[in-house]
**Q** 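A single structure is presented below for examination.
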Number of protein chains: 2
Amino acid sequence: MPELLSRRELNKAATRQAITDAALTLLRARGPGNFTVEDIAESAGVSRRTFFNYFSSTEAALASMTHGFLDNALQQFRRRPTDEPILESARAALMQLADPMTVAPLAELFTFTQDNAVLSRSELEAWDHCTEEIITAARERFAGTPGAVVDELYLRALAGSVISCGKAAMDVWFARCGADLSPASLAVLRQLLIDAMGHLGSGFGSPVPAASPSATSTTATTHLNKERL
Amino acid sequence: MPELLSRRELNKAATRQAITDAALTLLRARGPGNFTVEDIAESAGVSRRTFFNYFSSTEAALASMTHGFLDNALQQFRRRPTDEPILESARAALMQLADPMTVAPLAELFTFTQDNAVLSRSELEAWDHCTEEIITAARERFAGTPGAVVDELYLRALAGSVISCGKAAMDVWFARCGADLSPASLAVLRQLLIDAMGHLGSGFGSPVPAASPSATSTTATTHLNKERL
DNA sequence: CATTAAATTACACTACGTGCAAGTTTGCAC
DNA sequence: GTGCAAACTTGCACGTAGTGTAATTTAATG
């Protein structure tokens, strides 16, 4: 009975999971900054030292969720057809994120990140890490078409902007809907992502998104105009 | 003889300066991570405790330079005419950064930031902080025209993208020219900033920038195509 | 079962960041 | 100047973060 994962790997995965679970539980119970690495380790049933064998800090443990979230987006991007306009690929990839299972952990993290400097710092790092990976993915994509010379500036400016738009959409969404994961709320997020990418695709010509076939766009945007962030 | 700054404020400014100077000197001498807060304090002639009265960490002390750099850009943005297209204002503001005095400290920091996780982390924070301030500035700008409703998504997506483009230009510039501050090198940076904003303004339609009146654009971009970052 | 490699653990040590209670300097009024 | 109050600096102590190391436990292999 040759299992796919050895017992070693299973144990490691379990330990890792136990640590992140414990961290999240403590975050929920006591709020950010009100618990130590030792608390997490004890709660996870491992030693303090073992914690550091898995994560370099409390924030890193929590940010692993954001990484999972963003890795998902990256995966979506990579499996888009190569001949598709790159902005459309990005849009499609971001769209997959407006999924209950996917955003749930991130939405909860947002609740605590809002008023905590240390946490938002590692969130920033996660988004930046994702940007670098998108740059790599996009570079490979363009390199695929033979003879084409890849413009690093174009790549980096594009990837950074796409991520910024995704981030902007999530920020506005969270300010608007909080951690609400209802279908209606997710529809808002989806529309925000579409609108943000629309702005990007049209060169931010006007605050009012260009007339699109979908009537929902204008409506959703109008609602959000009243928002204070 | 009523001085503009009281002795107290002068002393504080001097202490602050002494600390950042000491930090930079040590960074140059020993490289990132190879000196402690105590080293900086001693070198600046203050106590360890006083250091923490000014900065919350070594990185914060070094990042104060980046903050100065970005605050400069923000100032430039704010003093642009209100009726100017916002992307043009952003372009003009970024352009001011390609100035020897202004980029010098940042360029040097880049040298160390490249291969150091802790440093780049606080750099990220500085850029993010600047993004938030641009959002505020842009919001006030739009709120100036009465009756206009401000679209938070547009604001945040735009500000984030502009900053990303500025960052992309600086990254490529540094990869291309290192810490070179010669007129030729700065001209490259200026052109990169223009090109990046050009990509943004045209919705990233094509890796090759739209035909522009300036012939330099295409040339500079072509050179950079060979770049590996 | 024995051997080997990997993972966990305890321990020690340096450095970080902060609260607190001194001491010192500056500003201001008299 | 003298005195006083507020601001700034300093030393000390304390808890926590993160890392090196060596010993111990656990899993895989033959």
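Letters A, B, ... mirror the listed sequences (proteins, then strands); counts begin at 1. What you see is a predicted model, and the numbers here were worked out from it, not measured in a lab.
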**Q** Go through residues 16-38 of chain A and report each residue with a non-hydrogen atom lying under 4.0 Å from DNA chain D, sorted by number.
**A** A:Thr36, A:Val37

**Q** Hydrogens and angles aside, do A:Asn11 and A:Arg7 bring a side-chain donor and acceptor to less than 3.5 Å of each other?
**A** no

**Q** Identify each donor-acceptor pair in which a side-chain atom of residues 37-46 of chain B lies under 3.5 Å from a protein atom, sequence neighbours left out, and give them as a table.
**A**
{"residue": "B:Asp39", "atom": "OD2", "partner": "B:Arg30", "partner atom": "NH1", "Å": "3.2"}
{"residue": "B:Asp39", "atom": "OD2", "partner": "B:Thr36", "partner atom": "N", "Å": "2.9"}
{"residue": "B:Asp39", "atom": "OD2", "partner": "B:Thr36", "partner atom": "OG1", "Å": "3.4"}

**Q** Please step through salt bridge (Lys or Arg N to Asp or Glu O under 4.0 Å) for the pair A:Arg156 and A:Glu132, ending with a clear verdict.
**A** CA-CA 8 Å; A:Arg156 303 188 80 84; A:Glu132 290 297 329; 3.1 Å; yes

**Q** Count the heavy atoms of every other residue, nucleotide or ligand shown that sit under 6.0 Å from NE2 of A:His129, and state whether that count exceeds 12.
**A** no

**Q** Are the side chains of A:Pro32 and A:Leu27 in touch, meaning some heavy atoms are under 4.5 Å apart?
**A** yes

**Q** Enumerate all atom pairs, one protein N or O and one N or O from nucleotides 22-24 of chain D, separated by less than 3.5 Å.
**A**
none

**Q** Extract all donor-acceptor atom pairs below 3.5 Å that involve side chains of residues 177-184 of chain B and protein atoms in other chains or at least two apart in sequence.
**A**
{"residue": "B:Asp180", "atom": "OD1", "partner": "B:Ser182", "partner atom": "N", "Å": "2.9"}
{"residue": "B:Asp180", "atom": "OD1", "partner": "B:Ser182", "partner atom": "OG", "Å": "3.2"}
{"residue": "B:Asp180", "atom": "OD2", "partner": "B:Ser182", "partner atom": "OG", "Å": "3.1"}
{"residue": "B:Ser182", "atom": "OG", "partner": "B:Ser185", "partner atom": "N", "Å": "3.3"}

**Q** Would you mind reading off the distance between B:Glu42 atom CD and C:dA15 atom C1', rounded to a whole angstrom?
**A** 15 Å

**Q** How long is the line joining CD1 of A:Ile40 and C1' of D:dT16, in whole Å?
**A** 12 Å

**Q** Distance from B:Asp195 atom CG to A:Tyr154 atom OH, nearest 0.5 Å?
**A** 13.0 Å

**Q** Check the pair B:Leu24, B:Glu108 against side-chain contact (heavy atoms from CB on, under 4.5 Å), reporting the backbone distance first and the verdict last.
**A** CA-CA 10 Å; B:Leu24 188 54; B:Glu108 184 167 16; 4.2 Å; yes

**Q** Report the distance from atom CD of B:Glu59 to atom C1' of C:dG17, rounded to the nearest whole Å.
**A** 12 Å

**Q** To the nearest angstrom, how far is B:Phe52 atom CZ from D:dA13 atom P?
**A** 18 Å

**Q** Looking only at side chains, do B:Glu123 and B:Thr66 share a donor and an acceptor under 3.5 Å apart?
**A** yes

**Q** Just checking, is any N or O donor in the side chain of B:Arg141 or B:Ser89 under 3.5 Å from an acceptor N or O on the other one?
**A** yes

**Q** Please report, rounded to the nearest Å, how far the P atom of D:dC8 is from the CD atom of B:Glu9.
**A** 9 Å

**Q** Can a donor-acceptor pair be found, under 3.5 Å and without considering hydrogens, that links the side chain of B:Thr131 to the backbone of B:Trp127?
**A** yes

**Q** Are a donor atom and an acceptor atom from the side chains of A:Ser164 and B:Ser164 found within less than 3.5 Å of each other?
**A** yes

**Q** Distances under 3.5 Å between protein N/O atoms and the N/O atoms of nucleotides 3-5 of chain C, please, pair by pair.
**A**
{"residue": "C:dA5", "atom": "N3", "partner": "A:Arg8", "partner atom": "NH2", "Å": "3.3"}

**Q** May I have the distance from A:Arg7 (atom CZ) to C:dA7 (atom C1'), rounded to whole angstrom?
**A** 14 Å

**Q** All N/O contacts under 3.5 Å from nucleotides 8-13 of chain C to the protein, with atom names and distances to one decimal?
**A**
{"residue": "C:dT8", "atom": "OP1", "partner": "A:Tyr54", "partner atom": "OH", "Å": "2.9"}
{"residue": "C:dT8", "atom": "OP2", "partner": "A:Tyr54", "partner atom": "OH", "Å": "3.3"}
{"residue": "C:dT9", "atom": "OP2", "partner": "A:Ser47", "partner atom": "N", "Å": "2.9"}
{"residue": "C:dT9", "atom": "OP2", "partner": "A:Ser47", "partner atom": "OG", "Å": "3.4"}
{"residue": "C:dT9", "atom": "OP2", "partner": "A:Thr50", "partner atom": "OG1", "Å": "2.6"}

**Q** Measuring from A:Thr50:OG1 to A:Phe55:CZ, what's the distance to the nearest 0.5 Å?
**A** 12.5 Å

